[in-house]
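These notes concern the structure reproduced below.
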2 protein chains.
Amino acid sequence: MRFYSPSQAAEQTGFSLDTLRYYERIGLLHSIDRTAGGRRRYSDNDLGWLRLLRCLRDTGMPIAEMIRFARLTRDSEATVPERLAVLEGHDARIEERIARLREQQTQIRGKIDIYRSRQQTPPSPVA
Amino acid sequence: MRFYSPSQAAEQTGFSLDTLRYYERIGLLHSIDRTAGGRRRYSDNDLGWLRLLRCLRDTGMPIAEMIRFARLTRDSEATVPERLAVLEGHDARIEERIARLREQQTQIRGKIDIYRSRQQTPPSPVA
DNA sequence: CCTTGACCTGGAGCCCACTCCGGGTGTGAG
DNA sequence: CTCACACCCGGAGTGGGCTCCAGGTCAAGG
């Protein structure tokens with residue numbers, strides 16, 4: 001079983017050291033192992049979990065919901081349906097979000113086209 | 001030329017009254033007309049601009065950049081290329097964002113599949 | 001005239017998600 | 001042994017983007 005120092009974990013997950021400690025404080029990370037001297041050592045498992053958190057976070061899941069999910073994950077196997085519901089709901093939100101982004105992109109592109117055509121006929125020599 | 005009360009503008013753009021005033025304060029809205037008594041009256045033009053702002057905002061453009069864009073829009077016609085650059089850059093960011101969302105969605109769906117299979121073999125009747 | 005409700009202002013407050021700080025501790029190189 | 005450096009902790013501070021508040025004003029109905 002490999003272990004990783006805080007800075008290695010930070011590097012591999014893209015979270016800052018402060019954020020890693022913050023996540024632990026608020027209950028997103030559970031029971032991170034420590035060395036004799038009290039330093040954290042992250043396991044491969046921890047990194048996997050952190051990568052999932054990163055994915056959820058980057059797709060816009062609020063911290064509060066991640067905490068809920070983390071708690072479920074710590075609880076019994078019986079919570080699997082609930083965890084599934086969280087992920088499925090999130091997946092649906094991502095889907096909607098992409099659809100909306102596409103629509104909005106279309107609008108912005110319309111605006112771009114307007115500017116482009118305005119640029120191609122700039123002097124407008126009326127005289 | 002039609003005019004709209006603050007609450008009508010709010011309703012039509014999806015911004016709150018407070019947000020409309022806030023946007024004006026920080027320079028996102030320029031010279032909103034007033035009635036004799038000092039109340040704002042938004043024109044069709046204003047609403048159009050607000051709808052563009054809403055689109056930019058919802059696609060993640062930071063306020064600071066919108067302010068820059070608003071200033072350019074207030075300046076001479078000579079800033080059209082710059083405005084174009086802002087919108088094109090933003091369009092590109094939206095594109096990237098959608099691509100990343102798709103990737104991340106794929107990861108999340110992978111996780112969902114794992115949970116699903118875990119759920120379909122719950123009793124595991126070893127005996 | 002009086003009331004009511006939408007609107008006005010400047011400024012304070014709030015929420016989220018970090019990020020920074022200061023003072024202390026362990027560990028490996030030289 | 002000493003140094004440097006990565007790490008520890010609790011708590012305060014930050015930045016973005018609103019949101020709320022108090023105390024006042026205007027406009028339309030009765």
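The structure displayed is predicted, hence computed values, not measured ones. Every chain is numbered from 1 and lettered A, B, ... according to where its sequence line falls, protein lines coming before strand lines. Just so you know, these numbers use all the heavy atoms, side chains as well, and skip hydrogens, waters and symmetry mates.
- Between the side chain of B:D91 and the backbone N or O of B:E88, no donor-acceptor pair lies under 3.5 Å.
- Rounded to whole angstrom, the span from the CD atom of A:E24 across to the P atom of D:dC7 amounts to 14 Å.
- In this structure, B:R41 does not reach the C:dC8 phosphate: none of its side-chain N or O atoms is under 4.0 Å from OP1 or OP2.
- Distance alone, capped at 3.5 Å, is enough to place a donor-acceptor pair between the A:R54 side chain and the A:T13 backbone.
- Note: B:Q105 CD to B:I98 CD1 = 11.5 Å, rounded to the nearest 0.5 Å.
- The residue A:R21 sits close to a base: some heavy atom pair falls under 4.0 Å.
- Using modelled atom types and a 3.5 Å distance limit, the side chains of B:R83 and B:T79 yield a donor-acceptor pair.
- Look at CG on A:L20: it is 13 Å from C1' on D:dC7, rounded to the nearest Å.
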Show the atom names and distances, to 0.1 Å, of all donor-acceptor pairs under 3.5 Å that link a side chain in residues 66-73 of chain B to residues at least two apart or in another chain.
residue : atom : partner : partner atom : Å
B:T73   : OG1  : B:F69   : O            : 2.8

For nucleotides 15-19 of chain C, tabulate all protein N/O to nucleotide N/O atom pairs closer than 3.5 Å, reporting atom names and distance.
residue : atom : partner : partner atom : Å
C:dA17  : OP1  : A:R57   : NH2          : 3.3
C:dA17  : OP1  : A:I63   : N            : 3.4
C:dA17  : OP2  : A:I63   : N            : 3.4
C:dC18  : OP2  : A:Y23   : OH           : 2.8
C:dC18  : OP2  : A:R57   : NE           : 2.9
C:dT19  : OP2  : A:T19   : OG1          : 3.4

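- Considering only side-chain N and O atoms, A:R40 lies nowhere under 4.0 angstrom from the phosphate OP1 or OP2 of D:dC7.
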Under 3.5 Å, which protein N or O atoms sit close to an N or O of nucleotides 27-30 of chain C? Give each pair with its distance.
none

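- Between B:I26 atom CD1 and C:dG11 atom P the separation is 17 Å, expressed in whole Å.
- One atom, CD1 of A:I32, and another, C1' of D:dC9, lie 17 Å apart when rounded to the nearest Å.
- A salt bridge links A:E95 with B:R102: the closest approach of a Lys/Arg side-chain nitrogen to an acidic carboxylate oxygen falls below 4.0 angstrom.
- Using a 4.0 Å cut-off between charged side-chain N and carboxylate O, A:R2 and A:D44 make no salt bridge.
- Among the candidates A:R116, A:R109, A:K111, the single residue satisfying the salt bridge (Lys or Arg N to Asp or Glu O under 4.0 Å) test with A:D113 is A:R116.
- For B:S5, no side-chain nitrogen or oxygen approaches OP1 or OP2 of C:dA6 to under 4.0 Å.
- Residue A:R34 is in sugar-phosphate contact alone, with no base atom involved, counting any heavy-atom pair closer than 4.0 Å across all strands shown.
- Between B:I67 atom CD1 and D:dG15 atom C1' the separation is 14 Å, expressed in whole Å.
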Verdict with reasoning, A:R51 to B:Q107, per side chain to side chain contact (heavy atoms under 4.5 Å, CB included): CA-CA 10 Å; A:R51 274 189 277 269; B:Q107 278 194 62; 5.7 Å; no
